[in-house]
2 protein chains.
Amino acid sequence: MAAATKDKTTCPVCATAEIVCGKWTILIIRDLAAGRSRFCELERSLQGISPRTLSLRLKALEEEGVVARKTYPEVPPRVEYVLTPKGRALLPLIEDMRAFGREWLGMKGDIDTACAPVEAAA
Amino acid sequence: MAAATKDKTTCPVCATAEIVCGKWTILIIRDLAAGRSRFCELERSLQGISPRTLSLRLKALEEEGVVARKTYPEVPPRVEYVLTPKGRALLPLIEDMRAFGREWLGMKGDIDTACAPVEAAA
DNA sequence: CAGCATCCGCCGTGATACTG
DNA sequence: CAGTATCACGGCGGATGCTG
């Protein structure tokens, strides 16, 4: 979701929406918070996402300062993504969504991570 | 934003995301909570939205049980949209978004409604 | 005022294949 | 493993115009 293209600069809600929009964004943040940090891990937990999309989202998130990227110059290239404080500040939002889903949408599963089972939530 | 097309039924976060996604959805809910209830009011507060989109979103929200619609069989047709308890349950989410926007995005304006000035927030 | 119908364009997303 | 390049599709949302 996004928002008014006009004066979004004055609207905290709109601005936040702009960041969180995108089909996978929230899920990526959630999985990052859940401990997954590597590209392929996310690719697996967010099963169904294309590497392209994951890459794009991750990059956008990085530019927004929500995610930090650490590259390890090793032989088998390794990269880890972690939430920045700013990214962590988004977690309450996710908590609310989870609470809402459970309370009003009948999603009783306590492991929302079940959205993409990574072996029963790592 | 949306989510895994596969097992979203088990993921509260995904499911909620599905509802809240869409460029204007959150804003509509916010404005509804802010007191605006008529079609044209929303059209004005969400300046920039097309009647088509507003109509579509409102309908979707209604079908999801987030918004209730009251029609007044009067001469100048009047319709009022109000948040249902379920819709109200989404407010904390918006509050968090607002808080995030203010704290991390520099949106100091306390009236996020400023997103679409309806005469200085009704 | 409320809102539907139609047409159209954009962008996010998916699929697939290839590279460092 | 960790991406990037390309191609193409689909749906959301915008613009306009019409009806009840």
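Letters A, B, ... mirror the listed sequences (proteins, then strands); counts begin at 1. The figures that follow rest on heavy atoms only: side chains count, while hydrogens, waters and symmetry mates do not. Because the structure is predicted, anything quoted here is derived from the model rather than measured.
Across the protein-nucleic acid pair, B:Glu80 atom CD and C:dA2 atom C1' stand 13 Å apart, rounded to whole Å. Note: CG (B:Leu56) to P (C:dA5) measures 10 Å, nearest angstrom. The distance between atom CZ of A:Arg57 and atom C1' of C:dC11, rounded to the nearest whole Å, is 10 Å. Distance B:Lys23 NZ to C:dG9 C1': 13 Å, rounded to the nearest Å. Taking atom CD of residue A:Glu41 and atom C1' of nucleotide D:dA2, one finds them 13 Å apart after rounding to whole Å. Atom CG in B:Leu54 sits roughly 15 Å away from atom C1' in D:dC12 (whole-Å rounding). The nearest whole Å value for the distance from the CD atom in B:Glu62 to the P atom in C:dA2 is 15 Å. D:dG3 atom C1' lies 16 Å from atom CZ of A:Arg78, rounded to whole Å.
An OP1 or OP2 oxygen of C:dC4 is reached within less than 4.0 angstrom by a side-chain nitrogen or oxygen of B:Lys59. Under 4.0 angstrom from either OP1 or OP2 of D:dA2 there lies at least one side-chain N or O belonging to A:Arg38. Phosphate contact (OP1/OP2 of D:dG3, side-chain N/O of A:Tyr81, threshold under 4.0 Å): present. Between A:Ser50 and C:dA15 there is no side-chain N or O to OP1 or OP2 distance below 4.0 Å.
Hydrophobic clustering of Ile, Leu, Val, Met, Phe, Trp and Tyr side chains at less than 4.5 Å, counting indirect connections, keeps A:Trp24 apart from A:Leu56.
Looking at the side chain of B:Ser55, the nearest of the listed nucleotides C:dT13, D:dG3, C:dG3 is C:dG3. In this structure, the nucleotide among C:dT13, D:dT4, C:dG3 sitting nearest to the side chain of B:Val79 is C:dG3. Proximity note for A:Pro77 (side chain, C-beta onward) versus C:dG20, C:dA15, D:dG14: the nearest is C:dG20. Each of D:dA2, C:dT16, C:dG14 was ranked by its minimum atom distance to the side chain of A:Ile49; first place goes to C:dG14. Of all nucleotides listed (D:dT6, C:dG12, D:dG14), D:dG14 comes nearest to the side chain of B:Trp24. Distances from the side chain of A:Phe39 to the nucleotides C:dG3, D:dA5, D:dG3 place D:dG3 closest.
No side-chain donor-acceptor contact under 3.5 Å links B:Ser37 to the backbone of B:Glu80.
When heavy atoms are screened at a 4.0 angstrom cut-off, A:Tyr72 is found touching no nucleic acid atom at all. Contact annotation for B:Pro76: no contact, since no heavy-atom pair falls under 4.0 Å across all strands.
Side-chain atoms of B:Arg52 and base atoms of C:dG3 include no donor and acceptor less than 3.5 Å apart.
In terms of heavy-atom proximity, A:Leu27 sits nearest to B:Cys14 at CD1-SG, 3.6 Å. Pairing each heavy atom of B:Glu64 with each of B:Lys86, the nearest pair is O-NZ, 2.6 Å. The shortest non-hydrogen separation linking B:Arg38 to B:Pro77 is NH2-O, 4.2 Å.
Nucleotides of DNA chain C nearest to B:Pro51 and A:Pro51 differ in position, and the one nearer the 5' end is that of B:Pro51.
Of the listed residues (A:Leu32, A:Ile28, A:Leu61, A:Leu90), just one forms a side-chain contact (heavy atoms from CB on, under 4.5 Å) with A:Leu83, and that residue is A:Leu32.
Taking the screw axis at each terminus of the helix from C:dC1-D:dG20 to C:dG20-D:dC1 from five consecutive base pairs, the angle between the two is 50° to within rounding of 10 degrees.
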Begin with the C-alpha distance, continue with both residues' side-chain angles, and end with the deciding distance and a verdict on side-chain contact (heavy atoms from CB on, under 4.5 Å) for B:Ile29 and B:Leu93. CA-CA 11 Å; B:Ile29 294 174; B:Leu93 188 51; over 6 Å; no
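Contact check on B:Arg44 versus B:Glu41 returns no salt bridge, with no Lys/Arg side-chain nitrogen under 4.0 Å from an Asp/Glu carboxylate oxygen.
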